Protein chains: 2
Amino acid sequence: MFVRITADSTPRPNSLRDLGMTSDSNALVSLSQFTYKKGSEIYGEREPAEYVYQVTSGAVRSYKLLSDGRRQIGAFHLAGDIFGLENGNEHRFTTEAIVDTTVRLVRRQSLEMVAESDAMVARNLLSMTTNNLQHAEDHMLLLGRKTSLERVAAFLLEMDGRLTASGVMALPMSRRDIADYLGLTLETVSRALSRLHEVGALGFVGNTQRQIVLLDRHKLASLDLQP
Amino acid sequence: MFVRITADSTPRPNSLRDLGMTSDSNALVSLSQFTYKKGSEIYGEREPAEYVYQVTSGAVRSYKLLSDGRRQIGAFHLAGDIFGLENGNEHRFTTEAIVDTTVRLVRRQSLEMVAESDAMVARNLLSMTTNNLQHAEDHMLLLGRKTSLERVAAFLLEMDGRLTASGVMALPMSRRDIADYLGLTLETVSRALSRLHEVGALGFVGNTQRQIVLLDRHKLASLDLQP
DNA sequence: CGCCTGGTTGACCCAGTTCAATAGCAGTGG
DNA sequence: CCACTGCTATTGAACTGGGTCAACCAGGCG
């Protein structure tokens with residue numbers, strides 16, 4: 001009933017290459033690789049959007065800041081995810097590598113040019129944007145109306161769906177990152193995780209420090225915790 | 001510095017007719033009108049998305065519900081706004097007329113068909129979706145990290161930008177609607193408005209009951225209140 | 001006029017924040 | 001190999017912004 005916040009209901013292109021290489025437009029856009037160190041910025045909010053990125057390995061956070069330092073993480077990008085696809089000329093988030101991360105990148109312009117002539121590429125762009133929109137819409141509900149426990153449970157289920165086939169996962173992000181994603185403080189996140197652990201919905205493997213988490217979806221589902 | 005949450009930075013199609021009637025595709029999609037009574041549902045979440053709508057006059061709220069009744073309004077749609085444009089086959093929100101509202105509507109399918117062959121229509125669809133995404137992203141920051149006063153101030157500025165040239169506006173929605181949009185309770189919204197009134201950032205004209213509001217942008221801006 | 005709906009205001013309460021102490025690891029370098 | 005430093009995470013205790021509950025008030029309308 002909960003499962004799959006970032007609905008993959010619509011089939012979507014899962015690689016930049018898929019986006020660029022189609023039907024007759026053989027102009028496959030130039031791909032290069034790059035590696036960012038843990039904690040380093042990939043691009044800043046309001047910077048001109050020159051590239052579109054796909055995570056090859058690692059993890060990325062994208063966020064907005066208020067001038068007094070309050071931070072809201074809008075999304076985590078994991079292996080396979082495409083990000084930086086603002087259509088408009090500026091990035092609307094700052095992005096940073098959460099751990100050492102390598103990305104593939106494409107010039108935005110070349111992508112747009114291809115999209116102009118290739119309807120399929122255009123459709124894929126729209127579909128990706130729609131997926132992002134859907135995620136943001138669901139996240140608004142979470143941020144506006146869910147309790148701390150519901151938020152953390154939703155987060156675990158989302159990550160479980162994205163990080164692994166099922167069951168065990170190594171969360172790359174810190175408690176603070178999780179908190180800023182969920183609109184909470186890191187203490188509240190920690191407490192919620194402890195509670196879920198007590199209740200047995202959740203196990204820790206090699207204990208502590210960027211943990212491996214074992215998730216019991218059924219237990220979690222049977223807790224109350226809104227869709 | 002705050003001004004324009006729903007950035008109109010990108011030029012965007014401001015009518016369904018704009019979307020359908022372009023270059024060579026003379027197949028202008030069929031337009032019809034319809035009027036919804038105050039409070040009536042236009043479509044429900046998870047319903048098949050058959051039409052795309054544009055508000056001719058009136059106002060619409062679109063929201064998600066949790067099973068226990070908690071509600072999050074994702075957006076208000078005012079005269080000129082297009083909504084119901086989920087690309088995907090289901091609506092992701094429930095929408096209701098806030099006051100008596102007339103809309104124009106287009107079959108989604110015919111729009112999609114046109115988009116298939118007309119790059120400009122396709123681009124407009126993408127641009128509209130991107131605008132929605134941007135609004136949602138900004139709203140996540142508001143819901144996750146802003147104080148009640150900041151939220152209400154942001155709401156007033158947004159509405160001021162959308163409802164009128166500047167200064168006076170008649171809010172069509174109730175305190176409860178505003179609260180569910182901002183992730184607050186109606187009492188908190190009421191208190192915040194009172195505080196802004198005391199401080200002189202805000203005046204009421206024909207007093208109370210779906211008020212006309214007079215907004216002093218400068219006063220509001222000079223209060224603290226994050227971008 | 002009297003009901004009904006929506007808005008305001010007050011008093012109290014609590015979920016989540018803030019502040020603070022403690023502890024587990026990961027380096028680092030002697 | 002172990003001491004030392006610097007994280008990050010957990011947990012407790014006290015505090016508070018916004019929620020809850022409740023009284024009251026102002027129109028609009030039959």
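Computed from a predicted structure; not experimentally measured. Every chain is numbered from 1, with letters handed out A, B, ... down the list of sequences.
- Taking the centre and axis of the six-membered ring of B:Tyr63, the NZ or CZ atom of B:Arg71 falls inside the cone set by 45° and 6.0 Å.
- The interatomic distance linking B:Arg176 (CZ) with D:dG19 (C1') rounds to 12 Å, in whole Å.
- Taking only side-chain atoms of A:Leu184, from C-beta outward, the nucleotide of D:dG19, C:dT8, C:dT17 with the closest atom is C:dT17.
- Between the side chains of A:Arg108 and A:Tyr51, not a single donor N or O lies within less than 3.5 Å of an accepting N or O.
- Distances shorter than 4.0 Å separate some side-chain N or O of B:Thr188 from OP1 or OP2 on D:dG19.
- Atom CZ in A:Phe204 sits about 18 Å away from atom P in D:dT8, given to the nearest Å.
- No salt bridge links A:Glu45 with A:Arg92; every basic N to acidic carboxylate O contact stays at or beyond 4.0 Å.
- B:Leu142 has its CG atom 12 Å from the P atom of D:dG18, to the nearest Å.
- Following rounding to the nearest Å, B:Asp180 (CG) and C:dG7 (P) show an atom-to-atom distance of 12 Å.
- Contact of A:Arg191 with C:dT18 (side chain to base): a donor-acceptor pair of N or O atoms is detected under 3.5 Å.
- Between the CZ atom of B:Arg70 and the C1' atom of D:dT20 there is a distance of 15 Å, rounded to whole Å.
- Between C:dT9 and B:Ser194, a contact under 4.0 Å exists linking OP1 or OP2 to a side-chain N or O.
- Comparing A:Ser148 and A:Glu187, the nucleotide of DNA chain C nearest to each residue sits closer to the 5' end for A:Ser148.
- Rounded to a whole Å, the CG atom of B:Leu186 is 12 Å from the C1' atom of C:dT5.
- When B:Glu158, B:Arg151, B:Gln72 are each tested for a side-chain hydrogen bond (donor to acceptor under 3.5 Å, both in side chains) with B:Tyr181, only one passes: B:Glu158.
- Atom pair A:Leu193:CG and D:dA9:C1' shows a separation of 10 Å (rounding to whole Å applied).
- Between B:Arg145 atom CZ and C:dG16 atom P the separation is 13 Å, expressed in whole Å.
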